[in-house]
There are 2 protein chains.
Amino acid sequence: MAPHSDELEQARNAYISSLSETMEMYGLSPSMGRLFGIMFFHDEPMTLDDMRSLTGMSKTSMSTGIRTLSQLKLVHKKWQKGVRKDLYVAEHDQFRSFLDFFAHLWEKEIQINQKPLLETEIRLQENLKQQNCSEEEQIQIKRDLEKLYNAKQYYAWLGELVEKFKSGDIFNYVPVNEDDL
Amino acid sequence: MAPHSDELEQARNAYISSLSETMEMYGLSPSMGRLFGIMFFHDEPMTLDDMRSLTGMSKTSMSTGIRTLSQLKLVHKKWQKGVRKDLYVAEHDQFRSFLDFFAHLWEKEIQINQKPLLETEIRLQENLKQQNCSEEEQIQIKRDLEKLYNAKQYYAWLGELVEKFKSGDIFNYVPVNEDDL
DNA sequence: TAGTTCATACAGAAAAAACTGTACAAACTG
DNA sequence: CAGTTTGTACAGTTTTTTCTGTATGAACTA
């Protein structure tokens, strides 16, 4: 790791803080956001002890933090010959991080709702067939079933969107602008 | 509001819970998720007192909760002649909720990072021009600037994506499947 | 105007999350 | 094999968030 001046570190700091704030918005703890921000500017693979000294936090926190970041594919484990400690590097491709993160989030959303949606649907349909189901109740249940039908359409659509994200096809529709900014 | 049986309420409950879990994933508190879930099946506009009795929580919580949901456009205030209490209905179009929610989130991400990114960039460029800047430091700074350039591209792209979401153009690329499910 | 109904600001209590230090297990070293 | 080094599980502490009850002010009513 290149030794660099305080001034350089301070310069980085503005963007590190805003990266951290962004990640906080997405549900990570501020400290983990900050850890990622630091790693983002750190080209060489880092050990838990490196992180500890740069964040000023405990090694335990680094251990759990790096696991969270790994699960989100925001950092990657890197092996290096002759080094016993685990090494990690930040994912530098923000497009990839973005696509991975939201594809994963949305898949989870679909998965969470799938079964309960069907369960509710079936139970409502059973209720609809009951003898003692009043006219008014029938109307209500039909309205509910309509909502669930729309929900199904939504999850199906969301699944399609996830596929476009995972495959990178989304870039065909929203291309990356290569011009100067 | 139609009076409906416990059985009907139980049937709804499975999906209400999973909706709540989803919203928890997106940063809302479980109670607010549950409130939305209840409102989702509630066709008639609700008052804070209706919510209080259905969630079993305090009116204060309903007041603050509904504000959060309103800001996210997940519920809407509805005026009704002769009714003094504020009335609210859930947004039933999940496509709209989804697009609004993420467009807003991503706009906030762009906005959060814009200024700090530029600040870091400027400070790095100033450092680069310093007399006492070593060869090694120069290389490091250039690597940093490269990262910031990529970040700018990313935010520009994200802005484009937000536009497709807000305008609904995204449906031209990922159409809603109208077939039976 | 006085009385009532409503929504929300605020302060404190309860619950949840984040963080740390200790302890231990697994993987290395000589 | 005994001695290190390294990563993580766990329990306890601190911090943050969520929720409630009281108090207040705004909007309506007569």
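We name chains A, B, ... by the order of the sequence lines, and we start the count at 1 in each one.
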Please confirm whether the shortest side-chain N or O distance from B/K85 to OP1 or OP2 of C/dA7 is below 4.0 Å. no

Tell me whether the side-chain N/O atoms of A/S58 come closer than 4.0 Å to OP1 or OP2 in C/dG21.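 No, A/S58 has no side-chain N/O under 4.0 Å of OP1/OP2 on C/dG21.
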
Among side-chain atoms of A/T47 and A/D50, is any donor-acceptor pair under 3.5 angstrom? yes

So what does B/S29 touch, heavy atoms closer than 4.0 Å: a base, only the sugar-phosphate, or nothing?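 It contacts sugar-phosphate atoms only.
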
If you look at every strand shown and take non-hydrogen atoms under 4.0 Å, does B/D86 touch a base, only sugar-phosphate, or nothing?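 If one applies the 4.0 Å heavy-atom cut-off, B/D86 turns out to touch the sugar-phosphate alone, with no base involved.
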
Pairs meeting criterion ring-ring contact (aromatic ring centres under 6.0 Å, His included) with involvement of residues 8-31 of chain B, two or more places apart: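 The answer is B/Y26-B/F101, B/Y26-B/F102.
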
What residue pairs, at least two apart or across chains, pass ring-ring contact (aromatic ring centres under 6.0 Å, His included) with a residue in residues 56-79 of chain A? none

Under the rule for salt bridge (charged side-chain N to carboxylate O under 4.0 Å, His left out), what residues qualify as partners of A/K77, not counting sequence neighbours? A/D86

Please list, chain by chain and in numerical order, all residues satisfying salt bridge (charged side-chain N to carboxylate O under 4.0 Å, His left out) with A/D49, sequence neighbours excluded.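 A/D49: salt bridge (charged side-chain N to carboxylate O under 4.0 Å, His left out) contacts with A/R52, A/K59, A/K85.
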
Do the rings of B/F40 and B/H92 sit parallel, tilted or perpendicular, given the 30° and 60° boundaries? tilted

Return the orientation label for the A/W157 and B/F98 ring planes: parallel under 30°, perpendicular over 60°, tilted otherwise. perpendicular

Interatomic distance where [atom1] belongs to [X] and [atom2] belongs to [N] [whole Å]:
X: B/Q80; N: D/dC28; atom1: CD; atom2: C1'; value: 18 Å
X: B/K59; N: D/dT22; atom1: NZ; atom2: P; value: 15 Å
X: B/L48; N: C/dA7; atom1: CG; atom2: P; value: 4 Å
X: B/M62; N: C/dC6; atom1: CE; atom2: P; value: 17 Å
X: A/D49; N: D/dT8; atom1: CG; atom2: P; value: 12 Å
X: B/R52; N: C/dT8; atom1: CZ; atom2: P; value: 15 Å
X: A/M46; N: D/dT6; atom1: CE; atom2: P; value: 16 Å
X: A/I66; N: D/dT6; atom1: CD1; atom2: P; value: 16 Å

Kindly indicate whether a cation-pi arrangement holds for A/K164 with B/Y173, taking the cut-offs as under 6.0 Å to the six-membered ring centre and within 45° of the axis.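 Because its charged atom sits under 6.0 Å from the ring centre and within 45° of the axis, A/K164 does stack over B/Y173.
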
Which pairs, protein N/O on one side and nucleotides 24-26 of chain C N/O on the other, fall under 3.5 Å?
none

Nearest nucleotide by nearest heavy atom, which residue falls closer to the 5' end of DNA chain D, B/M57 or A/Y88? A/Y88

Please list each protein N or O that sits under 3.5 Å from an N or O in nucleotides 9-15 of chain C, with the distance.
unit_1, atom_1, unit_2, atom_2, d
C/dA9, OP2, B/R67, NH1, 3.2
C/dA9, OP2, B/R67, NH2, 3.1

Regarding A/R123 and A/D144, does a basic nitrogen lie under 4.0 Å from an acidic carboxylate oxygen? no

